[in-house]
Amino acid sequence: MTDQSAGAVATAIADHLAHPDQAPVAATDDANRQNLAYGPTGIALLHVERAAAGLAPWQRAHDWLTAATRQPFTSGSDSYPFYGAPALAHVLACAADHLPGSYRRGLDLLDRQVTVDARRRLDAAHHRIDAGQLPALAEFDAIRGLSGYGAYLLRRDPAGPVTRAVLDYCVRLTDPVTHDDEHLPGWWAATGPSGRPDDRFPGGHANHGMAHGIGAVLALLALAARRGTTVTSHHQAMRTILAWLERWKVPAGRGTAWPYLITREELRSGRPAASAPRRPSWCYGTAGLARAQQLAALALGDRDLQAEAEAALLDALTDRAQLRATTDSGLCHGFAGLVHIAARAAADAERAAAGQLRAAIPALLTVLVPPGAAPDDAAALLLKDAAGAGLLDGAAGTALGLLTADGTEPPRTAWDACLLTA
């Protein structure tokens, strides 16, 4: 499959999802209405990106945003970056950047609400740290926590006081803690990866994921530094996370990979338990973490670390064992996410690595869409096989990943800021 045909399939998916009345019921039902991952705001993001690129009319994005906003959005303690007011704010910000004056009043209101919510969460997080307690994953992760808020604030007010306060918190999160007479990293969670107590994880775990773990914190710190916004001990915090990841990397294929998490037993033994190759996805796995490490290397000016990150990503994208563990098409943990990360990383890579990463994309596209399939047939198949029509697991996100592969320029709207990949 060529990059050009990837764009044709993305167009066909967008055409299938042109209007909410034509979409699968799950994409517009009230249970998903406020959810960026599964609902109409995520589908609107596809149409915003295509309209900003001059590929389609803005009316499609307006129609999906209208469907999403027929009732008020949740704010306050029941909302988070991928749900409620912050999720809507991200999509409106992507649109407003290309439609000056549009959505301005609503976006101003949402900006104020996101700021209030971020401050409330920061106060709670610092109170928790002062009390010597371990964090919940939802305190700091990208989907539900302060890394996700930081991604939005970095876009809207990159040097603002609340943005800097989130970065200060991220730095403080890297301070080691002593709990039950053991020394732990500051991001150690007392629960299982679900965020709930789990007998399979006695003593909790350290989560490495981009969606729910320390990978998101590393990426946020790196992205902020690349934009010129740093706080006290900013670079040292990145180095602390990078040293932890260096400690736990394991051989995989021709290179290295990272386990999804570290348990208390593994921490005590000093080595991760042996496991079968795992999918190298955005949410958990080597692809997302390698991109975070590459961003950190770029921020630190560390060319050796950058080369290591790019080599780990290339191996993840070409290692048959890891790719066999990848079984779906979506952005979150499927081939669209791998294509998107490969293209984003290639744009920042050293010349030789950039060429190798770009050369890996066509094979990933071939797995994603059957060779020789007509664009409309391929789109219909992706809509049928995807877990919904939405952003993270569904066809809209797959189409966005295909658009990244199709173009030579980065996404026009920076829609992937919510993923902390750029």
Side-chain angles (χ1 to χ4, degrees), residues 1-7 10 49 53 154 210 215 218-228 230 235 238-239 241-242 245-246 249 251-258 280-282 285-320 322-323 326 331 335-368 400-417 419-422:
M1 183 180 183
T2 66
D3 292 354
Q4 290 73 24
S5 59
E49 173 63 25
L154 187 62
M210 284 287 282
L218 177 62
L220 176 62
L221 289 168
L223 290 167
R226 294 191 75 195
R227 286 165 171 78
T230 59
H235 286 185
M238 284 191 284
R239 289 289 188 190
I241 300 170
L242 290 166
L245 294 175
E246 176 68 19
K249 68 182 183 182
R254 297 182 303 276
T256 57
W258 288 276
S281 54
W282 166 75
T286 297
L289 270 179
R291 175 57 173 165
Q293 188 179 65
Q294 183 198 35
L295 290 169
L298 291 164
L300 293 165
D302 189 331
R303 298 187 68 174
D304 290 339
L305 179 64
Q306 182 182 344
E308 290 175 16
E310 290 161 4
L313 176 57
L314 180 63
D315 186 62
L317 299 176
T318 56
D319 178 32
R320 293 181 180 179
Q322 293 184 66
L323 293 179
T326 306
L331 275 179
F335 281 98
L338 299 183
V339 166
H340 179 72
I341 290 170
R344 276 305 220 174
D348 290 324
E350 296 285 352
R351 179 176 296 181
Q356 292 174 315
L357 289 168
R358 290 192 184 98
I361 292 175
L364 299 173
L365 292 172
T366 299
V367 176
L368 191 60
L400 284 165
L402 292 172
L403 282 174
T404 307
D406 182 51
T408 56
E409 299 294 325
R412 301 296 179 90
T413 63
W415 64 265
D416 56 342
L419 304 180
L420 288 161
T421 52

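On a predicted model such as this, the values are computed, not experimentally measured, just so you know. When reading the values below, keep in mind they use all heavy atoms of this one structure, side chains included, and skip hydrogens, waters and symmetry mates.
- Annotation: the span from L331 atom CG to S281 atom OG amounts to 11.5 Å, rounded to 0.5 Å.
- Taking CH2 from W282 and OG1 from T421, the interatomic distance works out to 8.5 Å, rounded to the nearest 0.5 Å.
- Considering only heavy atoms from C-beta on, Q294 comes within 4.5 Å of L298 through its side chain.
- Within the 4.5 Å cutoff, the side chain of R239 has heavy atoms near those of the L300 side chain.
- Applying the side chain to side chain donor-acceptor pair (under 3.5 Å) criterion to R344, with sequence neighbours excluded, gives D416.
- Between L295 and L223, the closest side-chain pair of non-hydrogen atoms falls below 4.5 Å.
- Residues meeting the side chain to side chain donor-acceptor pair (under 3.5 Å) test with R254, sequence neighbours left out: T318.
- The shortest side-chain heavy-atom distance between L323 and V367 does not fall under the 4.5 Å cut-off.
- Between A296 and L242 the shortest heavy-atom distance is CB-CD1, 4.1 Å.
- T366 OG1 to F335 CZ: the interatomic distance, rounded to the nearest 0.5 Å, is 10.5 Å.
- Although no hydrogens or angles enter the test, the distance criterion places a donor-acceptor pair under 3.5 Å between the side chain of W258 and the main chain of L245.
- Summarising the geometry, atom CD belonging to Q293 is positioned 9.0 Å from atom CG belonging to D302; distances are rounded to the nearest 0.5 Å.
- Nearest heavy-atom pair across L338 and A287 is CD2-CB, 3.7 Å.
- A distance of 9.5 Å separates CD of E310 from CD of Q356, quoted to the nearest 0.5 Å.
- In this structure, the side chains of K249 and E308 come closer than 4.5 Å at one or more pairs of heavy atoms.
- Here the closest non-hydrogen pair linking M238 and A225 is CE-CB, 4.2 Å.
- Looking only at side-chain heavy atoms (C-beta outward), L402 and V339 stay at 4.5 Å or farther from each other.
- Remark: L317 CG to I341 CD1 distance equals 8.0 Å, nearest 0.5 Å.
- Inter-residue side-chain proximity for P280 and T326 is flagged as met; some heavy-atom pair is nearer than 4.5 Å.
- The side chain to side chain donor-acceptor pair (under 3.5 Å) test applied to E49 returns T413, not counting sequence neighbours.
- Side-chain contact between L313 and R291 is absent, with no heavy atoms from C-beta onward closer than 4.5 Å.
- Closest of all the heavy-atom pairs between A252 and D319 is C-OD2, 4.5 Å.
- When all heavy atoms of A292 and M210 are compared, the pair lying nearest together is CB-SD, 3.8 Å.
- Between I361 and A405, the closest heavy-atom pair is CG2-CB, 4.2 Å.
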